[in-house]
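One structure is given here, and the rest of the page talks about it.
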Amino acid sequence: GSLSQQRFVTSVLQNCPEKVEAVCRELWMKSWGPEDSTTHSVEDLQLVAHRAGLSADETKLCIESMKSPAVKAQLKEVTEEAVDKGAFGSPTMFFSKGSHEEMVWGSDRFDMVANIYGL
């Protein structure tokens with residue numbers, strides 16, 4: 001499952017928001033990049049955090065916060081919002097251009113994202 005990764009990203013978002021993009025990129029690369037490896041254990045998440053530029057203290061804080069009520073509540077809220085918007089798989093991404101919002105599903109759909117933004 002991906003619950004540990006989702007909680008870790010949510011914890012990073014709460015505690016080190018400036019690092020969340022780098023953490024997501026490193027999770028993606030470790031999971032689906034050349035390593036094609038797991039990211040479920042604390043050791044996996046520590047490696048991801050290190051590669052994303054989190055300090056040892058930031059990493060410890062984010063890992064300890066993963067099971068906090070605040071992280072669980074925010075993740076539940078975001079999950080409910082995604083379901084309400086029609087998300088049904090992973091990755092599901094929502095992109096806005098003006099008042100128009102587009103849902104894109106699947107990592108092979110980045111060409112659609114480029115089209116939305118005229119790239």
Side-chain angles (χ1 to χ4, degrees):
S2 62
L3 185 59
S4 62
Q5 298 93 326
Q6 292 174 35
R7 285 186 178 168
F8 184 66
V9 169
T10 304
S11 181
V12 171
L13 184 60
Q14 288 181 356
N15 295 295
C16 308
E18 70 284 357
K19 307 271 177 81
V20 76
E21 182 179 342
V23 166
C24 289
R25 182 179 299 110
E26 292 301 330
L27 279 168
W28 183 273
M29 292 303 294
K30 187 161 174 39
S31 298
W32 294 287
E35 286 182 68
D36 193 26
S37 184
T38 65
T39 55
H40 304 289
S41 72
V42 169
E43 294 79 15
D44 294 332
L45 296 174
Q46 287 170 329
L47 179 60
V48 164
H50 173 74
R51 290 178 178 174
L54 276 75
S55 70
D57 288 341
E58 290 171 327
T59 300
K60 182 179 179 197
L61 172 63
C62 291
I63 287 174
E64 288 174 353
S65 299
M66 286 172 56
K67 294 184 179 181
S68 73
V71 165
K72 290 179 180 181
Q74 184 175 4
L75 182 55
K76 182 177 179 181
E77 180 181 319
V78 169
T79 301
E80 289 171 354
E81 178 184 349
V83 170
D84 289 346
K85 287 182 169 187
F88 57 89
S90 179
T92 297
M93 301 162 280
F94 295 93
F95 296 91
S96 297
K97 187 173 182 182
S99 63
H100 177 74
E101 184 173 72
E102 187 82 27
M103 180 179 76
V104 178
W105 179 80
S107 60
D108 59 341
R109 301 291 191 248
F110 289 114
D111 58 328
M112 295 173 70
V113 176
N115 186 50
I116 292 168
Y117 288 100
L119 303 174

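- In this structure, OG in Ser65 is found 12.0 Å from NZ in Lys72, a value given to the nearest 0.5 Å.
- In the hydrophobic clustering of this structure, Val9 does not group with Met93; members are Ile, Leu, Val, Met, Phe, Trp, Tyr whose side-chain heavy atoms approach within less than 4.5 Å, directly or through other members.
- Applying the ring pair (Phe, Tyr, Trp, His ring centres under 6.0 Å) rule to pairs touching residues 11-30 yields Trp28-Trp32, sequence neighbours excluded.
- Leu27 and Met66 fall within a single hydrophobic cluster, where Ile, Leu, Val, Met, Phe, Trp and Tyr are joined by side-chain heavy atoms under 4.5 Å apart, directly or via other members.
- Applying the salt bridge (charged side-chain N to carboxylate O under 4.0 Å, His left out) rule to pairs touching residues 40-51 yields Glu35-Arg51, sequence neighbours excluded.
- Under the rule for a side-chain hydrogen bond (donor to acceptor under 3.5 Å, both in side chains), the partners of Ser37 that lie at least two apart in sequence or sit in another chain are Lys30.
- By the side-chain contact (heavy atoms from CB on, under 4.5 Å) test, Ala82 pairs with Ala87, sequence neighbours left out.
- Across every non-hydrogen atom of Ser11 and Leu61, the tightest pair is OG-O, 4.3 Å.
- Members clustered with Val78: none, using a 4.5 Å side-chain heavy-atom cutoff among hydrophobic residues.
- Hydrophobic clustering (ILVMFWY, side-chain heavy atoms < 4.5 Å, transitive): Phe8 and Leu13 are in one cluster.
- Checked against side-chain contact (heavy atoms from CB on, under 4.5 Å), Ser31 has the following partners two or more places apart in sequence or in another chain: Thr39.
- For Val42, the side-chain contact (heavy atoms from CB on, under 4.5 Å) partners two or more places apart in sequence, or in a different chain, are Gln46, Ile63.
- Listed by chain and number, the residues in a side-chain hydrogen bond (donor to acceptor under 3.5 Å, both in side chains) with Glu77 amount to none (sequence neighbours excluded).
- Going from atom SG of Cys24 over to atom CD of Gln5 covers 11.0 Å, rounded to the nearest 0.5 Å.
- In this view, Ala73 satisfies the side-chain contact (heavy atoms from CB on, under 4.5 Å) rule with no residue, not counting sequence neighbours.
- Distance check: Leu75 CG to Leu3 CG gives 6.5 Å after rounding to the nearest 0.5 Å.
- For residues 9-28, every residue pair satisfying the salt bridge (charged side-chain N to carboxylate O under 4.0 Å, His left out) rule, not counting sequence neighbours, is listed here: Lys19-Glu58, Glu21-Arg25.
- The salt bridge (charged side-chain N to carboxylate O under 4.0 Å, His left out) contacts involving residues 80-94 comprise Glu81-Lys85, Lys85-Glu101, where partners must be two or more places apart or lie in separate chains.
- For Thr10, the side-chain hydrogen bond (donor to acceptor under 3.5 Å, both in side chains) criterion is met by no residue, not counting sequence neighbours.
- For the pair Leu54 and Cys62, the tightest heavy-atom approach, listed with the atom from each and the gap, is CD2-SG, 4.1 Å.
- Rounding to the nearest 0.5 angstrom, the gap separating the OG atom in Ser4 from the CG atom in Leu45 is 5.5 Å.
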